[in-house]
Amino acid sequence: MATDLLSDFEARGLVHQSTDAAALRAWLASPGRRVYAGFDPTADSLHVGHLVALVLLRRVAAAGHEPVALVGGATGMIGDPSGRSEERNLLSPTELAANVAAVERQIRGILESAGQRVHVVNNGDWMRGVGYLEFLRDVGKHVPLSQMIAKDSVKSRLERDGGLSYTEFSYMLLQAWDFVHLSDALDCRLQIGGSDQWGNITAGIDLGRRLRSRELHGITCPLLTKSDGTKMGKTASGAIWLDPKRTSPYRFYQYWINLDDDDAGRCLRRLTEASPQEWIALDDARTTNPAARETQKRLAEELTRLVHGESGLTAAQAATAIFFGAEIAGLDDAQLAEIFADVPSCEFPRSSLDGEGLALIDALVRTNLAATNSKARQTIQQGGAYVNNRRMSDVGHRLTPADLAGGSTLVLRSGKKSYAVVRFTPGA
RNA sequence: GGGGAGUUUCCCGAGCGGUCAAAGGGGCUUGACUGUAAAUCAAGUGGCUCUGCCUUCGCAGGUUCGAAUCCUGCACUCCCCA
């Protein structure tokens, strides 16, 4: 299975374009080859869109090769025009440095468990010392302008009103040089990227041939899109990030659980280590019993474990059980805080529970679960109000210490999915 | 410049003196069903100290026991003729 990486990629639908397949196969036949993919540090976290490349590198490792992850500390200074319709805003050097560090950490976290040596490199390290004139003489001289202009990424931008700046135009040279540099330093001869990277990758291959008479290889994988045409990893509320501070493990898990069947089947192949036998079994399960969502569960489990670890997966599953009706009991404040990390919270003085207690209607309004007292009353009457996931149908109910779930927290819910965490703090 | 029509609750749109918090549709909310989907069905949809009370029908006045409904003025929109 691990013998022919390229066939594995092809079977999983991961190959969009590739350079000479026979030559590539031959090169990959010996173990210990180094294969690289680049990551631009445009934010302090990677997102779901980067998973394809990360998982690909893991597969490279599983096949007995060494993954090389390049973080664009230098290229990030400039911004890749590929797949972009407008000029990028430049990041400040401090921001960039922070992003590079964060992204490097994430990459290591995901790749290092794959069982091979992992190289995480930053092109800032070799670009910083290179002078402009030197670069123009050593690299620029060998890249024909006609080819640069012919690249889709450049052409489409030139045809637009905004055009593109000389800076972004030069991006390609930097990435091309990265590839040549890595082939010098690590004997890395294969670069993998998204389909929008084809132009940049081939620029590197050309440069390698001109400067070193070396044969370099490239593979692009199709960009992940969902069957509804939207980009993978984007939701109405924004991107799905790998950083738990940006996207909680629960939401990450849910994202995969909620994929529709076609997308799930595709993602199973591209993003998980599932074997062909498993795909077939799961495809079958999906047609005979779609309700079980076995494919989605398999996806969600593997990816959540990969990104957030075993504890993240456990937390996400616990949260899932609760968000879908399980009564909230026997959890402490810390666990509640973790599960409901994405949920708006609201604080009340502890004393409001004393004596008469706090009217449920008030609590619903104060937590914005209901717009007015009337709406709150209606919600309760219609059976849409829950305290700790237990339906409350008494309009006059008052919250007392008996309603607390954790030591000082309780969870209100309106309808199926609007939650609010209420914390009662000692204060006045 | 002259003549006509209109402005209703989140949106569209009925209502033309009391039975109007205002038909109907859309949207939204809740419930049932379901695959945490879609469709479907049901209920709700001005506010409140809620079997009652208060505030809404372009704005300001007026007539009337009583006005979204009639009258006057103002603002805005649209149509037709010049």
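What you see below is based on every heavy atom in this structure, not just the backbone, and it leaves out hydrogens, waters and symmetry mates. In the text below, chain A, chain B and the rest are named by the order of the sequence lines, each starting its count at 1.
For residues 389-399 of chain A, proximity to RNA chain B is found at A/R391, defined as any non-hydrogen atom under 4.0 angstrom from a strand atom. At a non-hydrogen distance threshold of 4.0 Å, A/T372, A/N373 from residues 358-373 of chain A come into contact with RNA chain B.
The interatomic distance linking A/R293 (CZ) with B/U36 (C1') rounds to 7 Å, in whole Å. Between A/Q254 atom CD and B/G35 atom P there is a gap of 17 Å when expressed in whole angstrom units. A straight line from CG of A/L299 to P of B/U36 spans 17 Å, rounded to a whole angstrom. As a whole-Å value, the separation of A/Q378 CD from B/G31 P is 13 Å. One interatomic measurement links the two molecules: CD of A/Q317 to P of B/U36, which rounds to 16 Å at whole-angstrom precision. Distance, A/L259 CG to B/G35 P: 18 Å, rounded to whole Å. Rounded to whole angstrom, the span from the CG atom of A/D262 across to the C1' atom of B/G35 amounts to 14 Å. A/Y419 places its OH atom 13 Å from the P atom of B/U36, with the value rounded to the nearest Å.
With both ends at atom C1', the span from B/A67 to B/C71 equals 11 Å, rounded to whole Å. To the nearest whole angstrom, the two P atoms, one in B/U8 and one in B/A37, are 37 Å apart. Spacing between B/G58 and B/G13 at atom P, rounded to whole Å, works out to 14 Å. Here, B/G24 and B/G73 have their C1' atoms 35 Å apart, quoted to the whole Å. Spacing of P atoms, B/U56 relative to B/A21, comes out at 13 Å, to the nearest Å. For the P atom pair drawn from B/C20 and B/G27, the interatomic distance equals 27 Å after rounding to whole Å. Comparing the C1' positions of B/U9 and B/C28 gives an interatomic distance of 14 Å, to the nearest angstrom. Between B/C48 and B/G4, the distance separating the two C1' atoms is 44 Å to the nearest Å.
Taking only side-chain atoms of A/Q382, from C-beta outward, the nucleotide of B/G35, B/U29, B/U34 with the closest atom is B/U29. Checking B/G31, B/G35, B/U36 against the side-chain heavy atoms of A/K416 singles out B/G31 as nearest.
No hydrogens or angles considered: nothing links the side chains of A/R350 and A/S408 as a donor-acceptor pair under 3.5 Å. The closest side-chain donor-acceptor pair between A/Q254 and A/T320 falls under 3.5 angstrom. A donor atom on one side chain and an acceptor atom on the other are found under 3.5 Å apart for A/K151 and A/T202. A/Q191 and A/Q197 form no side-chain donor-acceptor contact under 3.5 Å, judged by distance and modelled atom types alone. Counted by atom type alone, A/S45 and A/R246 present zero donor-acceptor pairs between their side chains at under 3.5 Å. A donor-acceptor contact under 3.5 angstrom links the side chains of A/D261 and A/Q296, judged on distance only.
Partner assigned to B/C78 is B/G4, using Watson-Crick or G-U wobble distances below 3.5 angstrom. The nucleotide B/C65 finds its pairing partner in B/G18, both defining distances of the Watson-Crick or G-U wobble pair being shorter than 3.5 Å. Under the Watson-Crick and G-U wobble criteria, each requiring two contacts below 3.5 Å, nucleotide B/U45 is paired to B/G27. Base pairing of B/G73: its partner is B/C59, meeting the Watson-Crick or G-U wobble criterion (both donor-acceptor distances under 3.5 Å).
Between A/Y419 and A/F340, the ring planes lie tilted relative to each other; the angle falls in the 30° to 60° range. Taking the six-membered ring where the residue is Trp, A/F252 and A/W256 present perpendicular rings, their angle passing 60° and hence far from 30°.
For the OP1/OP2 pair of B/C48 and a distance below 4.0 Å, the side-chain nitrogens and oxygens of A/S374 include at least one atom meeting the criterion. Between A/K417 and B/U30 there is no side-chain polar atom (N or O) within less than 4.0 angstrom of OP1 or OP2.
Among the heavy atoms of the strands, none lies under 4.0 Å from A/Q381. Heavy atoms of A/Y386 sit under 4.0 angstrom from primed sugar atoms or phosphate atoms, though from no base atom. Using a 4.0 Å heavy-atom cutoff across all strands shown, A/S414 reaches sugar-phosphate atoms only and no base atom. At the heavy-atom level, A/N289 lies nowhere under 4.0 Å from the strands shown.
Closest non-hydrogen pair, A/V100 versus A/G73, comes out as CG2-CA, 3.8 Å.
In this structure, A/N258 and A/K375 both approach RNA chain B, and ranking their closest nucleotides by distance from the 5' end singles out A/N258.
Put simply, the side chain of A/R12 gets close to the backbone of A/R269: a donor and an acceptor are under 3.5 Å apart.
A salt bridge between A/R305 and A/E310 is present, with a side-chain N of the basic residue lying under 4.0 Å from a carboxylate O of the acidic one.
Sequence neighbours left out, the pairs with a member in residues 67-79 of chain A that pass side chain to side chain donor-acceptor pair (under 3.5 Å) are A/T75-A/N123.
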